[in-house]
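Each chain gets a letter, A, B and so on, in the order its sequence line appears, and its residues count up from 1.
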Amino acid sequence: MKALVWSGIVQGFSTPPLLLLIMLMTNNRKIMGSHVNSFWLNVLGWTTTAAIFSASLGLLYTWIA
Amino acid sequence: MLDKITKDEALRKEGLSEGSAAGSEPSEQHNATRGERKGGTIRAFGLGVVTGAADDDPSAIGTYSSAGATFGPGLLWTAPVTFPMMFAVVYLSSKLGQVSGRGLFHVIKDHYPRWVLWPALIGVLIGNTIEAAADIGGMSAALQLYLPIPLGWIVAGTGLSILSLQVWGSYELIRNIFRYLALVLLAYVGAALLAKPDPWEVISSTFVPKVAFTKEYLSLLVAIIGTTLSAYLYTWQSNVEVEEEIAKGRRRLDQRKGASKKELKASRRDILWGMLFSNLIMYFIILSTGSTLYKAGQHDISTAAQAAVALQPIAGELAGILFAVGVIAVGFLAVPIWRQVQPMILPRPWDGAIASMPNHERQSISMLQFPHSRSLQSASTSLASTP
């Protein structure tokens, strides 16, 4: 059961950079044309990105400190 | 490099326009499918249950159970908080797939330098492999509740049976069976209610996030985020959209590019249902383990048998069986999804050749390789020019 949690933690660290890329891509007019994110989708997306980045960084911090 | 892409694209256009039988057929097909999409709330619910349940994979069940056992209702707030987050990431990647007509990593490859592509790719591959392994381990631990043989044998057996079902079995049939078996997880809803948690405590911990800056708390928080928003889910999502467009007869990239407002709206609804279902189960797993194991002073789950105790309020003696069926069902749903994601990401040398063949020939070749999977066949078209 411990291994299951650990696998979640690994996923937790691989998710933030990928989400950052997705946010950049879905706001890129060259890729999305007129379908770039709306204001509210951006608010939601960036909040999510910030939240998962800070969770991972927080955990890293408790490991180091 | 650019040269290679254009060449491949030209090849693909040549070969694939034969497949779409140069005529009005694609657009007719397209309209029909769109009409269907508009109609079915039940269909949307069904689809949602599949993606949602597969997102609650064994590793997610283990993580949520540990969260409930360790902190009681303390992490309940993560369910309402991750719900809009899950929706955001899955919808964004689905939109990316629909509008660009390509899978996630294909788009990264086309628009970003290699030093961005490779670390992201490697990170996801490692994460996926570990999670698939953890899932097979979790399924095996659940099986071991009723099979008194060494764990190693069960792991090998489980892995082999998933693989052989994929190669020789009818994947569609299997998926349909496990899709319904996954509904067993709804038992957590009943178990949580029957365990009679203190309503006031439940409400306050659901709506008021309390973050403790300890290693244990943050580990579980990151694990919850990792399993709910796991990378495979949205890699898969963007590829599924491409695959669906190909199934509608849009075989060429320029046909697949772009999406109507209506299409985006329909996928928004599908995703909402799926994430809602997955999130609901997550909430009640935390609540039921919190009101059973945590309350009983069992704050650390190390075996499947301990995790199954959370279902005792509703199932009594049968809790173990229910748990095992649920874990094995979601495992069978989730692990093949990774096995589809990996080849979608990884380059395959013969892709270009397959993609440039006429449709029926291409199909039979893919059937030879992976008889179960329509998605692999279309993945080969969407990724024909991977590095």
Side-chain angles (χ1 to χ4, degrees), chain A, chain B residues 58-63 65-66 81 84-85 87-89 91-93 95-96 99-100 104 107-108 110-112 116 119-120 123-124 126-127 130-131 133-135 137-138 141 213-215 218-227 229-232 234-235 258-259 264 301-304 306-307:
Chain A
M1 284 292 142
K2 275 270 180 308
L4 299 184
V5 178
W6 272 106
S7 124
I9 295 175
V10 173
Q11 289 280 343
F13 279 109
S14 75
T15 302
L18 203 60
L19 185 54
L20 181 68
L21 274 176
I22 289 182
M23 283 307 293
L24 292 175
M25 288 189 289
T26 47
N27 276 306
N28 185 334
R29 271 195 190 278
K30 263 199 268 169
I31 301 172
M32 302 300 283
S34 62
H35 288 292
V36 285
N37 296 341
S38 64
F39 175 76
W40 286 112
L41 194 55
N42 262 331
V43 170
L44 186 61
W46 286 120
T47 315
T48 304
T49 316
I52 65 178
F53 260 102
S54 40
S56 306
L57 290 178
L59 179 58
L60 269 185
Y61 178 77
T62 61
W63 281 347
I64 297 162
Chain B
S59 126
I61 294 175
T63 303
S65 301
S66 297
V81 168
M85 290 165 66
F87 171 74
V89 288
Y91 176 61
L92 283 172
S93 43
K95 194 171 85 157
L96 185 68
V99 175
S100 71
L104 177 60
V107 183
I108 299 180
D110 286 352
H111 293 268
Y112 291 88
V116 175
V124 170
I126 293 175
I130 291 180
E131 196 157 347
D135 274 354
F213 283 93
T214 62
K215 201 183 290 181
L218 288 175
S219 301
L220 276 169
L221 187 60
V222 170
I224 287 177
I225 290 175
T227 44
L229 305 177
S230 58
Y232 91 86
Y234 40 96
T235 324
L264 287 176
I301 303 180
S302 46
T303 65
Q306 286 168 350

Measure the [atom1]-[atom2] distance between [X] and [Y] for me, rounded to the nearest 0.5 Å.
| X | Y | atom1 | atom2 | answer |
| --- | --- | --- | --- | --- |
| B/S100 | A/I31 | OG | CD1 | 7.5 Å |
| A/T26 | B/L92 | OG1 | CG | 4.5 Å |
| B/I225 | A/Q11 | CD1 | CD | 12.5 Å |
| A/W63 | B/L218 | CH2 | CG | 10.0 Å |

Please name the pair of heavy atoms, one in [X] and one in [Y], separated by the smallest distance, quoted to 0.1 Å.
| X | Y | result |
| --- | --- | --- |
| A/T48 | B/A88 | OG1-CB, 4.1 Å |
| B/P58 | A/L4 | O-CD1, 3.6 Å |
| B/G62 | A/V5 | O-CG2, 4.4 Å |
| A/H35 | B/K95 | O-NZ, 2.9 Å |
| B/M85 | A/A51 | CE-CB, 4.1 Å |
| A/T62 | B/F213 | CG2-O, 4.2 Å |

Non-hydrogen side-chain atoms of B/L229 and A/L19 separated by less than 4.5 Å: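 The answer is no; the side chains never approach within 4.5 Å.
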Non-hydrogen side-chain atoms of B/I126 and A/S14 separated by less than 4.5 Å: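 No, their side chains stay 4.5 Å or more apart.
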Chain B contact via A/V36 - which portion, at a heavy-atom distance below 4.5 Å: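 The answer is the backbone of A/V36.
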Interchain contact, A/L59 with chain B, by part (heavy-atom threshold 4.5 Å):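 Both backbone and side chain.
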Chain B contacts, top residue of A/T47, A/V10, A/N28, A/L21 (heavy-atom pairs, under 4.5 Å):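 When all of A/T47, A/V10, A/N28, A/L21 are compared, A/L21 has the most.
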Which answer fits [X], side chain, backbone, both or neither, if we ask what part of it has an atom under 4.5 Å from a heavy atom of chain A?
| X | value |
| --- | --- |
| B/L220 | side chain |
| B/Y112 | side chain |
| B/P119 | neither |

Candidate pair B/L104 and A/I22, rule side chain to side chain contact (heavy atoms under 4.5 Å, CB included), full reasoning: CA-CA 8 Å; B/L104 177 60; A/I22 289 182; 3.8 Å; yes
Sole residue of A/L44, A/L41, A/N37 in side chain to side chain contact (heavy atoms under 4.5 Å, CB included) with B/Y91: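 The single option meeting the side chain to side chain contact (heavy atoms under 4.5 Å, CB included) with B/Y91 is A/L41.
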Partner chain A: residue of B/V107, B/I61, B/L221 with the largest heavy-atom pair count (under 4.5 Å):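 Winner by heavy-atom pair count: B/V107.
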Heavy-atom pair count under 4.5 Å with chain A, highest-scoring of B/A133, B/A120, B/A134, B/G137: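 Among the listed options, the one with the most contacts to chain A is B/A134.
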